[in-house]
Amino acid sequence: MEADLANAANSEGQVVGPERRRDQLNWSVAARMFGPAYLVAVGYMDPGNWATDLAAGSRYGFGLLWVVAISSGMAMVLQSLSCRLGIATGWDLAQACRRLLPDAWRIPLWLLAEVAIVACDLAELVGSAIALQLLFGLPLPWGVALTAGDTLLLLALQRFGVRRLEALIIALVALVGACFAWELLLLKPDWLQVAAGFLPQPSVLRDGQQLYIAAGILGATVMPHNLYLHSALVNTRRWPEHPPTKPLLLRLASLDSVMALSFAFLVNAAILILAAGTF
């Protein structure tokens with residue numbers, strides 16, 4: 001899905017920024033800049049996050065919440081650097097690799113990126129098919145076909161503009177957040193124990209299984225394909241070239257990243273808390 005969104009970012013018309021200097025600091029400018037990070041945030045609530053958070057909560061209670069927090073903090077830094085690359089150079093990460101890396105590195109890195117994208121999409125395709133079978137009894141081949149149709153629908157949405165695509169994704173992400181908020185209200189966990197779970201525990205280094213799940217949480221949160229996506233999405237904004245513009249863009253893009261990924265962190269923490277309280 002992230003690769004499809006990157007294609008949409010590269011092919012769609014750009015969002016036009018302010019034309020005069022005095023327009024730079026108003027709320028309409030900030031609203032036009034916000035949005036790309038929420039498409040990136042979808043990648044932080046994928047099946048890998050669900051699997052690792054459910055395993056961590058069901059086996060170790062709230063004890064690995066601090067790993068979720070640290071992983072999310074690392075992701076915020078990397079995504080902020082990614083969008084700064086896109087704004088400062090006008091290139092996405094793939095274009096920067098093609099132009100700046102030695103010839104001997106470009107093809108192997110491209111092949112590895114393609115394999116990683118296929119592997120990630122395959123897991124999501126099969127996971128969606130299994131989910132449809134569990135929820136509605138839909139046979140797996142039909143579930144695969146329906147999920148593939150969803151991907152084509154996403155690509156078809158490009159013709160309506162990137163802002164409409166962002167609005168759709170933000171609405172879906174907000175729906176996910178609302179569902180988890182309601183489930184937490186029903187669960188009523190012990191919030192003191194939840195808060196204690198955010199304190200780093202050295203015991204994770206002595207327990208091989210716990211360390212394995214912690215590494216899984218880190219790997220499911222900090223994902224390279226989101227860096228490619230974010231560096232492409234920020235270039236859907238077109239701004240006039242006068243000196244104060246890019247520093248403003250960098251601040252707004254960083255704020256957008258922190259807000260969106262903070263929401264993704266809350267969702268991942270909610271998954272772990274629900275698993276700990278229920279299983």
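Small disclaimer: the values here were computed from a predicted structure and weren't measured.
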Atom pairs and distances, donor-acceptor, side-chain atoms in residues 265-279, under 3.5 Å, two or more places apart:
residue: Asn268; atom: ND2; partner: Tyr44; partner atom: O; Å: 2.9
residue: Asn268; atom: ND2; partner: Ala264; partner atom: O; Å: 3.3
residue: Thr278; atom: OG1; partner: Leu274; partner atom: O; Å: 2.8

[X], [atom1] atom: more than 12 neighbouring heavy atoms under 6.0 Å:
{"X": "Tyr212", "atom1": "OH", "answer": "no"}
{"X": "Trp182", "atom1": "CH2", "answer": "no"}
{"X": "Arg106", "atom1": "CZ", "answer": "yes"}

Would you call [X] and [Y] a side-chain contact if the rule is heavy atoms closer than 4.5 Å?
{"X": "Met223", "Y": "Asp46", "value": "yes"}
{"X": "Thr221", "Y": "Thr52", "value": "no"}
{"X": "Pro108", "Y": "Trp110", "value": "no"}
{"X": "Glu166", "Y": "Pro36", "value": "yes"}
{"X": "Met74", "Y": "Ile70", "value": "yes"}
{"X": "Val173", "Y": "Val42", "value": "yes"}
{"X": "Val234", "Y": "His230", "value": "yes"}
{"X": "Phe180", "Y": "Val176", "value": "yes"}

Applying the 4.5 Å side-chain criterion to the ILVMFWY set and letting contacts propagate, would [X] and [Y] be lumped into a single cluster?
{"X": "Leu184", "Y": "Val194", "value": "yes"}
{"X": "Leu227", "Y": "Leu218", "value": "yes"}
{"X": "Leu64", "Y": "Leu211", "value": "yes"}
{"X": "Phe198", "Y": "Val67", "value": "yes"}
{"X": "Ile107", "Y": "Leu100", "value": "no"}

Is a donor on one side and an acceptor on the other found under 3.5 Å between the side chain of [X] and the backbone of [Y]?
{"X": "Tyr60", "Y": "Gln210", "value": "yes"}
{"X": "Gln209", "Y": "Asp207", "value": "no"}
{"X": "Gln193", "Y": "Asp190", "value": "no"}
{"X": "Ser71", "Y": "Val68", "value": "no"}

Pairwise distance [atom1]([X]) to [atom2]([Y]) - rounded to 0.5 angstrom:
{"X": "Thr147", "Y": "Leu152", "atom1": "OG1", "atom2": "CG", "result": "11.0 Å"}
{"X": "Gln201", "Y": "Leu65", "atom1": "CD", "atom2": "CG", "result": "10.5 Å"}
{"X": "Leu81", "Y": "Gln79", "atom1": "CG", "atom2": "CD", "result": "9.5 Å"}
{"X": "Met45", "Y": "Leu172", "atom1": "CE", "atom2": "CG", "result": "10.0 Å"}
{"X": "Leu146", "Y": "Phe136", "atom1": "CG", "atom2": "CZ", "result": "9.5 Å"}

Inset, instruction - Could you check Asn226, Val222, Leu261 and say which one makes a side chain to side chain contact (heavy atoms under 4.5 Å, CB included) with Leu78? - result: Val222

If you look at every heavy atom in [X] and [Y], which pair is closest and at what distance?
{"X": "Ala41", "Y": "Ala260", "value": "CB-O, 3.9 Å"}
{"X": "Ala253", "Y": "Cys83", "value": "CB-SG, 3.7 Å"}
{"X": "Phe62", "Y": "Pro189", "value": "CZ-CB, 4.5 Å"}
{"X": "Asn235", "Y": "Gly86", "value": "OD1-O, 3.0 Å"}
{"X": "Leu39", "Y": "Leu229", "value": "O-CD2, 4.2 Å"}
{"X": "Ile213", "Y": "Ala56", "value": "CG2-CB, 3.7 Å"}

Inset, instruction - Verify whether one side chain among Ser80 and Ser254 offers a donor that lies under 3.5 Å from an acceptor in the other. - result: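 Yes, because at least one side-chain N or O of Ser80 sits under 3.5 Å from a partner of the opposite role on Ser254.
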
Inset, instruction - May I have the step-by-step check of side-chain contact (heavy atoms from CB on, under 4.5 Å) for Phe34 and Met259, ending in yes or no? - result: CA-CA 10 Å; Phe34 290 167; Met259 291 170 57; 4.2 Å; yes

Legend entry - Partner set under side chain to side chain contact (heavy atoms under 4.5 Å, CB included) for Leu85, not counting sequence neighbours: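 Partners of Leu85 under the side chain to side chain contact (heavy atoms under 4.5 Å, CB included) test: Thr89, Leu93, Ala96.
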
Inset, instruction - Please confirm whether Trp91 and Tyr228 have ring centers closer than 6.0 angstrom. - result: no

